[in-house]
Visitor: 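Before anything else, here's the structure in question.
Atoms within a ligand are numbered from 1 in the order they appear, just like the ligands themselves. Numbers for residues simply follow the sequence, beginning at 1. When reading the values below, keep in mind they use all heavy atoms of this one structure, side chains included, and skip hydrogens, waters and symmetry mates.
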Amino acid sequence: MTTIRLNNTKTRKREDFVPIDPENVRLYLCGPTVYDRAHLGNSRNVLLFDVLFRLLKEVYGADHVTYVRNFTDVDDKINARAAETGREIGDVTAETIGWYHDDMDALGAQRPTHEPRATDHIPHMIAMIEDLIAKGHAYAADGHALFAVDSYAEYGALSGRSIDDMIAGARVEVAPYKRNPMDFVLWKPSDDGVPGWDSPWGYGRPGWHIECSAMSLELLGESFDIHGGGNDLQFPHHENEIAQSACAHPHGEFARYWVHNEMLQVEGKKMSKSLGNFFTVRDLLDQGVPGEVIRLVMLGTHYSKTMDWTETRKVEAEGTLRKWYGILHGHGFGPDLIAALKADGKWQADAEFLGVLANDLNTSGALSRLHVLSKGKTPVALAGFAHGLAMMGLVNDWAAIPQFDGGEAGAGVATAVAERVDALLADRAAARGAKDWARADEVRDILNAAGVQVTDVGGQATWAPGPDFDAAKLEGL
Ligand code: AMP
Ligand code: ZN
């Protein structure tokens with residue numbers, strides 16, 4: 001079985017991934033607050049976790065992975081958006097969830113197993129807060145419930161910050177009802193016109209952090225395998241999730257592995273709504289950039305590195321995909337061929353591709369391996385390439401392999417043509433063996449005229465179609 005290795009933020013080490021239960025590998029990704037379209041940066045961990053989800057399914061089996069990503073549908077930004085536009089909150093969140101699905105679907109991201117909405121789990125949050133109060137980790141004050149940071153000695157361990165650093169670095173809200181300025185809100189009162197629920201602390205709504213602790217507990221249990229989100233969520237959001245879950249369930253482990261992605265930047269600054277330096281996934285799609293191109297650019301940089309979206313990368317990705325899809329089309333890849341490859345036991349991941357990807361989700365390394373695999377000359381030789389494209393989410397429907405506008409067959413070579421080149425090379429080898437130099441030169445000239453690039457290594461000839469490849473010219477003999 002392939003060993004997956006992950007760079008675990010919790011231990012700051014790259015570790016072998018050992019699931020709690022290989023029959024049910026469980027992961028949680030903090031999802032969007034639904035008041036507006038996702039910007040391109042927001043798609044980065046969606047795509048990373050999508051690749052992780054696919055990889056885990058490949059290794060542990062498609063029915064043995066549970067992936068949860070929440071929708072934060074109660075939040076002051078949502079309330080503000082509804083107030084600004086004079087719309088119902090429920091309309092704003094429903095519309096935004098629809099957009100999110102459309103946009104992430106267009107990027108080829110598979111839907112998670114569960115997509116809980118915070119507002120469907122309010123009783124679970126209330127129960128967890130009551131439990132924290134009963135255990136002495138939280139207190140009620142002035143219509144609020146607050147987590148007492150002093151009650152949890154390991155607070156700050158994930159992000160490696162001291163309490164002083166945290167106070168200095170975060171916009172810690174000082175409030176008269178807090179015992180310690182670091183204490184964070186579990187529940188807060190709601191005025192009229194703002195969503196609220198009855199609770200032991202009065203009519204109000206939950207803080208943000210408690211929702212992920214309550215929903216992951218409900219859907220994944222008190223110990224699960226992998227938790228993720230952007231680096232920017234390590235503190236305070238993930239520290240607070242850990243504090244809540246560890247204190248409510250001291251015998252559980254909460255998440256064993258934490259995977260955090262770096263930021264998508266614009267001119268050296270994090271792309272963000274608040275800085276206004278963002279464009280949305282939908283903006284790109286509307287400009288005619290195919291979802292697969294966006295996906296390939298995003299997966300071209302390892303998640304642990306910051307990255308920029310650049311025009312050059314987009315053009316390169318487009319060229320690569322045009323070539324790759326041309327190869328698939330040229331070799332007749334489609335549902336029938338895939339079914340035939342499956343029947344012959346040939347529909348398998350390339351071991352090197354899988355090994356590279358499993359090594360801390362090295363998507364850029366895996367793409368380099370696909371470039372090598374794309375040079376196969378027959379459907380069977382290309383099976384690992386096609387399988388790899390599917391695992392990277394670059395082909396999601398074998399009945400409709402994308403073909404970009406204006407794209408020609410690219411470097412794709414039909415089987416009959418590949419067989420013809422192989423026959424010519426065999427002919428050339430035989431002529432050389434028989435010292436029939438005139439014949440050997442004749443064959444070479446045909447290959448040159450057709451734009452076939454031949455490389456002789458250790459007596460073995462390999463070939464690739466060159467930029468001026470013209471199959472018609474192979475027929476000259
Ligand atoms: P937000 O809507 O800002 O709460 O972010 C939702 C998700 O997107 C979180 O997991 C963030 O870490 C992530 N995120 C926000 N901005 C960026 C960015 N510029 N690059 C990568 N991830 C981001
Ligand atoms: Zn969360």
Side-chain angles (χ1 to χ4, degrees), residues 9 27-50 52 67-78 80-81 93 96-97 99-100 103-104 107 109 112 114-118 121 124-125 128 158-159 171 184 186 206-220 224 226-245 254-255 258-281 284 294 297-299 301-309:
T9 314
L27 56 162
Y28 187 97
L29 178 67
C30 296
T33 304
V34 284
Y35 66 102
D36 203 356
R37 289 262 184 201
H39 68 59
L40 187 64
N42 297 139
S43 74
R44 197 170 186 195
N45 52 46
V46 174
L47 294 174
L48 177 69
F49 265 62
D50 185 54
L52 176 59
Y67 170 26
V68 178
R69 185 184 63 211
N70 63 303
F71 283 119
T72 299
D73 63 349
V74 49
D75 184 275
D76 292 347
K77 291 195 206 88
I78 304 174
R81 182 58 54 99
T93 57
T96 313
I97 289 173
W99 287 341
Y100 193 80
D103 296 350
M104 298 306 135
L107 298 184
H114 302 288
E115 296 181 278
R117 294 171 61 146
H121 290 267
H124 297 133
M125 298 182 213
M128 190 178 252
L158 177 76
S159 54
R171 283 154 294 174
F184 59 87
L186 300 168
W208 170 34
H209 317 297
I210 194 71
E211 91 180 55
C212 291
S213 286
M215 293 191 287
S216 64
L217 175 70
E218 212 43 43
L219 294 162
L220 299 175
F224 59 93
I226 305 171
H227 194 317
N231 261 343
D232 56 339
L233 298 190
Q234 276 187 43
F235 178 80
H237 183 54
H238 289 163
E239 290 290 3
N240 295 355
E241 284 187 30
I242 293 174
Q244 294 161 162
S245 295
F254 194 39
W258 285 82
V259 176
H260 287 102
N261 62 282
E262 255 299 349
M263 295 292 108
L264 180 85
Q265 298 192 332
V266 181
E267 286 164 11
K269 291 213 171 65
K270 171 187 167 186
M271 177 181 279
S272 75
K273 295 257 164 69
S274 53
L275 290 174
N277 61 349
F278 69 94
F279 50 86
T280 64
V281 173
L284 288 176
I294 302 173
V297 172
M298 298 301 284
L299 295 180
T301 303
H302 190 256
Y303 74 88
S304 63
K305 297 191 170 68
T306 53
M307 68 170 290
D308 281 305
W309 169 271

Visitor: What protein heavy atom is closest to atom 17 (C) of ligand 1, reported as residue, atom name and distance in Å?
Guide: M263 SD, 3.5 Å
Visitor: Applying a heavy-atom cut-off of 4.0 Å, say which part of N231 lies close to ligand 1: side chain, backbone, both or neither.
Guide: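 The answer is neither; N231 stays 4.0 Å or more away.
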Visitor: Any non-hydrogen protein atom below 4.0 Å of atom 10 (O) of ligand 1?
Guide: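 Within 4.0 Å: yes, protein heavy atom nearby.
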Visitor: Can you tell me which residue and heavy atom of the protein come closest to atom 4 (O) of ligand 1, and the distance to 0.1 Å?
Guide: T33 OG1, 4.7 Å
Visitor: Return the closest protein heavy atom for atom 12 (O) of ligand 1 as residue, atom name and distance.
Guide: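 In this structure, atom 12 (O) of ligand 1 has D232 OD1, 2.4 Å as its nearest protein heavy atom.
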Visitor: How far is atom 13 (C) of ligand 1 from its nearest protein heavy atom, and which residue and atom name does that atom have?
Guide: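 Going atom by atom, the protein heavy atom closest to atom 13 (C) of ligand 1 ends up being N45 ND2, 3.7 Å.
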Visitor: Are F279 and H39 an aromatic pair, judged by ring center distance below 6.0 Å?
Guide: no
Visitor: So which protein heavy atom does atom 19 (N) of ligand 1 come closest to, and at what separation?
Guide: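 Looking only at protein heavy atoms, the one closest to atom 19 (N) of ligand 1 is M271 O, 2.8 Å.
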Visitor: Distances under 2.8 Å only: what protein N/O/S atoms are near the Zn ion (ligand 2), ordered by chain and residue?
Guide: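 Protein N, O or S atoms closer than 2.8 Å to the Zn ion (ligand 2): C30 SG, C212 SG, H237 NE2, E241 OE2.
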Visitor: Counting non-hydrogen protein atoms only, what is the nearest one to atom 21 (C) of ligand 1? Give residue, atom name and distance.
Guide: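 For atom 21 (C) of ligand 1, the nearest protein heavy atom is G41 O, 3.2 Å.
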Visitor: Mark the output for K273 as yes if a heavy-atom distance to ligand 1 is under 4.0 Å, and as no if none is.
Guide: no
Visitor: Verify the ring-centre separation between H227 and F254: is it less than 6.0 angstrom?
Guide: yes
Visitor: Considering only the protein, which heavy-atom contact is closest to atom 14 (N) of ligand 1, and what is its distance?
Guide: N42 ND2, 3.7 Å
